Amino acid sequence: MMATAEHAPDLVTRDTLVDLTDLLGAASCREFVDNYVGLWQDRYERLRLAVISADDDAAMDVVLSIKIASEMAGAQRLAALAHCAQQRLRESGAANLSSMLGIIAVCGQETMPCLLASLD
């Protein structure tokens with residue numbers, strides 16, 4: 001079940017970025033986040049195409065990619081949506097993710113600039 005707006009995780013969890021910076025160093029953290037942001041459109045498009053074609057394997061691959069990379073980058077709301085998509089995919093297949101595509105797209109569009117701004 002998806003969280004309601006008032007109970008949704010933060011778009012970006014700054015503490016995760018601080019931990020990643022401590023682990024990797026500032027330059028490597030910035031590079032990771034830049035790469036994450038740069039790959040967002042491709043990941044979303046792969047998800048959209050997998051859903052349209054009802055390709056469960058491709059959908060699971062991209063959902064896991066979004067979830068894990070989002071968790072690492074501190075994009076908690078997007079990670080939570082990907083987790084929900086993963087559960088729905090297991091229960092009823094890729095075709096049943098179509099109702100989530102819009103919210104995932106909007107969340108991604110809101111998250112990417114917020115994530116970049118968190119590094120400044």
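Everything numeric here is computed off the predicted structure, so don't read it as measured data.
For the 3.5 Å distance criterion, the side chains of Ser118 and Arg14 fail to qualify, holding no donor opposite an acceptor.
Residues Leu39 and Leu119 fall into different hydrophobic clusters, defined by Ile, Leu, Val, Met, Phe, Trp and Tyr side chains chained together at heavy-atom separations under 4.5 Å. Following chains of ILVMFWY side-chain contacts shorter than 4.5 Å, one cannot reach Val18 starting from Val12, and the two form parts of different hydrophobic clusters. Residues Ile103 and Val63 fall within the same hydrophobic cluster, defined by Ile, Leu, Val, Met, Phe, Trp and Tyr side chains chained together at heavy-atom separations under 4.5 Å. Connection of Ile68 to Val33 is established within a shared hydrophobic cluster, with ILVMFWY side chains joined at heavy-atom distances below 4.5 Å, either directly or through further cluster members.
Residue Cys107 comes nearest to Thr111 through the heavy atom pair O-OG1, 2.6 Å, listed as atom of the first residue, atom of the second, then distance. Closest approach of Leu97 and Ala85 over heavy atoms only: CD2-O, 3.5 Å. Closest non-hydrogen pair, Leu24 versus Ser28, comes out as O-CB, 3.4 Å.
A 4.5 Å side-chain heavy-atom check between Tyr44 and Ile66 finds every atom pair outside the cut-off. A 4.5 Å side-chain heavy-atom check between Leu78 and Leu11 finds every atom pair outside the cut-off. You'll find the side chain of Tyr36 reaches within 4.5 Å of the side chain of Met112, heavy atoms only.
The pair Glu91-Arg88 does not count as a salt bridge, with every side-chain nitrogen at least 4.0 angstrom from each carboxylate oxygen.
Note that the CG atom of Leu89 and the SG atom of Cys84 stand 11.0 Å from one another [nearest 0.5 Å]. Rounding to the nearest 0.5 angstrom, the gap separating the CG atom in Asn35 from the CH2 atom in Trp40 is 16.0 Å. One finds the CZ atom of Phe32 at 9.5 Å from the CG atom of Leu17 (value rounded to the nearest 0.5 Å). Atom CD of residue Glu71 and atom OG1 of residue Thr16 lie 9.5 Å apart, to the nearest 0.5 angstrom.
Remark: Gln76 pairs with no residue by the side-chain hydrogen bond (donor to acceptor under 3.5 Å, both in side chains) rule, at least two apart or across chains.
The environment of Glu45 atom CD is dense: over 12 non-hydrogen atoms of other residues, nucleotides or ligands sit within 6.0 angstrom.
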Distance-only donor-acceptor hits, side chain of residues 50-62, under 3.5 Å, sequence neighbours excluded:
{"unit_1": "Ser53", "atom_1": "OG", "unit_2": "Leu49", "atom_2": "O", "d": "2.9"}
{"unit_1": "Ser53", "atom_1": "OG", "unit_2": "Ala50", "atom_2": "O", "d": "3.4"}
{"unit_1": "Asp55", "atom_1": "OD1", "unit_2": "Asp57", "atom_2": "N", "d": "3.2"}
{"unit_1": "Asp55", "atom_1": "OD1", "unit_2": "Ala58", "atom_2": "N", "d": "3.0"}
{"unit_1": "Asp56", "atom_1": "OD1", "unit_2": "Ala94", "atom_2": "N", "d": "2.8"}
{"unit_1": "Asp61", "atom_1": "OD2", "unit_2": "Arg46", "atom_2": "NH2", "d": "3.1"}

Pair Arg77, Ser70 - check side-chain contact (heavy atoms from CB on, under 4.5 Å), show working.
CA-CA 8 Å; Arg77 192 175 304 167; Ser70 296; over 6 Å; no
